[in-house]
Every structure is written in C-alpha cells, then in structure tokens.
Amino acid sequence: MEEFKELFMFCVSLIMAAFVISLIALLGSTSRQMADIRQSELDAIDNVKIARQYSAYDNKSVTGADVIALMRENSLTGELQIYVNKNINNASLTMNQSNYTSTSWKLSSLLQTIKADAKYLAILVYGNDDVSTAAYSASSSSMITGVKFTLT
C-alpha cells in the first residue's frame with residue numbers, strides 16, 4: 001500500500017512538472033508573438049513617417065532648389081537613392097549608398113550642376129525598383145527607397 005501511495009505521488013509530481021513546463025513554454029511563445037506584433041506596429045509607424053516626410057516628392061513638380069535640398073539632406077544619411085535625369089550639362093546624376101559621401105554632393109558642386117530655378121517632376125521609388133527607370137506608382141506597400149527627378 002505504501003508503494004502505491006509513493007507511485008501516486010510520483011505521478012502527481014510528474015504531471016505538475018509537465019504542467020509548469022508547458023505553462024512556461026506557452027508564456028514564452030505568447031511573449032514572442034506579442035513582440036513580433038509590436039515590431040510590426042513600429043515598422044508601420046516608421047513607414048508612415050517616411051511617407052509623410054517625402055510626400056512633397058510624390059508625383060509633384062519641384063524646383064532645382066528642392067532637388068538640391070533633398071540631395072544635401074540625403075548626403076548626411078545616404079538612406080535614399082536619388083536620380084536626376086538632366087542637369088545643367090544635360091547629364092544624369094545618381095546619388096546612392098555607395099557615393100553619398102562624395103564631395104560632389106557639396107552645396108557648391110550641386111549649384112554648379114543643377115539649376116536652382118529649373119522645374120523637375122519628382123517620383124518616389126519603392127522597394128527594389130531601379131531609381132533611374134522607375135515610373136510613377138500611385139501607392140505601394142514597400143518602403144520608399146529613392147526619388148527620381150525628371151527635368152520638365
């Protein structure tokens with residue numbers, strides 16, 4: 001009878017240990033899911049901030065001064081690709097992560113290559129689209145990765 005009692009207590013202990021381990025695993029899984037949801041929310045907020053920041057360039061007509069201002073701002077971070085299809089010399093300029101720290105993005109250099117009063121059509125570029133060949137897209141679920149300026 002004593003053996004039966006010990007066996008019963010051992011089984012109860014195993015069941016309780018299994019319950020505790022299952023509870024810990026469930027809590028870990030739930031917290032991981034909550035962290036993923038929160039990260040998705042933060043990513044969405046970042047996308048909205050970026051979209052608002054660059055909404056002035058969303059299929060809008062801008063001046064060369066606006067182009068220069070964005071290039072100067074981007075020369076500090078290099079987060080965007082910027083393509084200008086025609087400058088004063090009728091050539092194109094591309095600013096990307098490999099050359100954003102170049103001295104050619106200094107204000108004096110930009111003023112010599114982009115006419116401040118020229119009119120450009122600005123198009124936002126999303127995702128992995130090539131900034132030099134991108135066409136206007138009314139909306140995209142991808143992140144803004146560049147701006148294309150076309151002389152009008």
Side-chain angles (χ1 to χ4, degrees), residues 1-85 87 91-110 113-114 120-151:
M1 186 73 160
E2 189 68 30
E3 291 174 359
F4 179 73
K5 197 175 189 181
E6 287 179 19
L7 182 61
F8 179 75
M9 292 304 289
F10 179 71
C11 289
V12 168
S13 296
L14 283 178
I15 291 171
M16 289 183 68
F19 176 74
V20 169
I21 290 172
S22 298
L23 185 62
I24 290 171
L26 178 67
L27 290 174
S29 173
T30 302
S31 67
R32 199 170 317 114
Q33 288 174 347
M34 290 174 60
D36 290 344
I37 290 169
R38 181 63 180 151
Q39 187 60 48
S40 295
E41 290 173 351
L42 292 174
D43 291 345
I45 290 169
D46 286 344
N47 286 344
V48 169
K49 283 181 183 177
I50 290 170
R52 284 184 182 161
Q53 180 180 1
Y54 298 114
S55 65
Y57 303 101
D58 191 13
N59 200 33
K60 304 260 175 52
S61 179
V62 297
T63 65
D66 296 325
V67 174
I68 292 170
L70 182 62
M71 292 181 93
R72 291 291 300 141
E73 178 184 323
N74 194 60
S75 71
L76 301 174
T77 63
E79 66 186 19
L80 292 178
Q81 295 183 64
I82 298 176
Y83 177 79
V84 181
N85 80 330
N87 62 12
S92 63
L93 296 172
T94 303
M95 173 189 271
N96 54 38
Q97 289 184 344
S98 65
N99 69 0
Y100 78 93
T101 58
S102 169
T103 57
S104 49
W105 310 125
K106 289 186 177 182
L107 182 59
S108 57
S109 299
L110 289 172
T113 57
I114 297 174
Y120 289 87
L121 175 65
I123 297 172
L124 295 178
V125 179
Y126 297 90
N128 294 327
D129 292 348
D130 181 8
V131 73
S132 63
T133 60
Y136 175 68
S137 174
S139 65
S140 178
S141 59
S142 298
M143 186 92 158
I144 295 171
T145 57
V147 181
K148 177 182 178 182
F149 295 101
T150 306
L151 187 64

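Fair warning: this is a prediction, and the values are worked out from it, not measured in the lab. Positions are given from 1, in the same order as the sequence printed here.
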### Message
So which atom in Asp66 and which in Tyr57 form the shortest heavy-atom distance, rounded to 0.1 Å?
### Response
O-OH, 3.6 Å

### Message
If you apply the rule side-chain contact (heavy atoms from CB on, under 4.5 Å), what do you find for Arg38 with Leu42, and how did you get there?
### Response
CA-CA 6 Å; Arg38 181 63 180 151; Leu42 292 174; 3.7 Å; yes

### Gly28 to Ser31 - nearest heavy-atom pair and separation
O-OG, 2.9 Å

#### Entry: Gap separating the CD1 atom of Ile37 from the CD atom of Glu41, nearest 0.5 angstrom
7.5 Å

### Query
Any donor and acceptor pair, going by atom type alone, linking the side chain of Thr145 with main-chain N or O of Gly127 inside 3.5 Å?
yes

### Task
Provide the closest heavy-atom pair for Phe149 versus Leu70 in the form atom of the first, atom of the second, distance.
CZ-CD2, 3.8 Å

### Message
Are Met16 and Val20 packed together at the side-chain level, in the sense that at least one heavy-atom pair is separated by less than 4.5 angstrom?
### Response
no

### Task
Walk me through it: do Lys5 and Glu2 pass the test salt bridge (Lys or Arg N to Asp or Glu O under 4.0 Å)?
CA-CA 5 Å; Lys5 197 175 189 181; Glu2 189 68 30; 5.4 Å; no

#### Entry: Nearest atoms (heavy-atom pairs only) where Leu80 meets Ile144
CD2-O, 3.9 Å

### Task
Please name the pair of heavy atoms, one in Met95 and one in Met71, separated by the smallest distance, quoted to 0.1 Å.
CE-O, 3.3 Å

### Query
Would you say the side-chain atoms of Asp58 pair up with the backbone N or O of Leu124, donor to acceptor, closer than 3.5 Å?
no

### Task
Taking all heavy atoms of Ala122 and all of Val147, pick out the closest pair and write down the distance.
CB-CG1, 4.4 Å

### Task
Take Arg72 and Leu110 through the test side-chain contact (heavy atoms from CB on, under 4.5 Å) and record every step on the way to the result.
CA-CA 9 Å; Arg72 291 291 300 141; Leu110 289 172; 3.8 Å; yes

### Query
Between the main-chain N or O of Asn85 and the side-chain N or O of Lys148, is there a donor-acceptor pair closer than 3.5 Å?
no

### Sub-4.5 Å side-chain heavy-atom contact between Leu93 and Ile114
yes

### Message
For the backbone of Leu26 and the side chain of Ser29, can you confirm whether one donor and one acceptor N or O come within less than 3.5 Å of each other?
### Response
no

### Message
How about CD on Glu3, more than 12 heavy atoms from neighbouring residues, nucleotides or ligands closer than 6.0 Å, or not?
### Response
no

## Note on the structure
Value for CE (Met143) from CG (Asp46), rounded to nearest 0.5 Å, stands at 6.5 Å

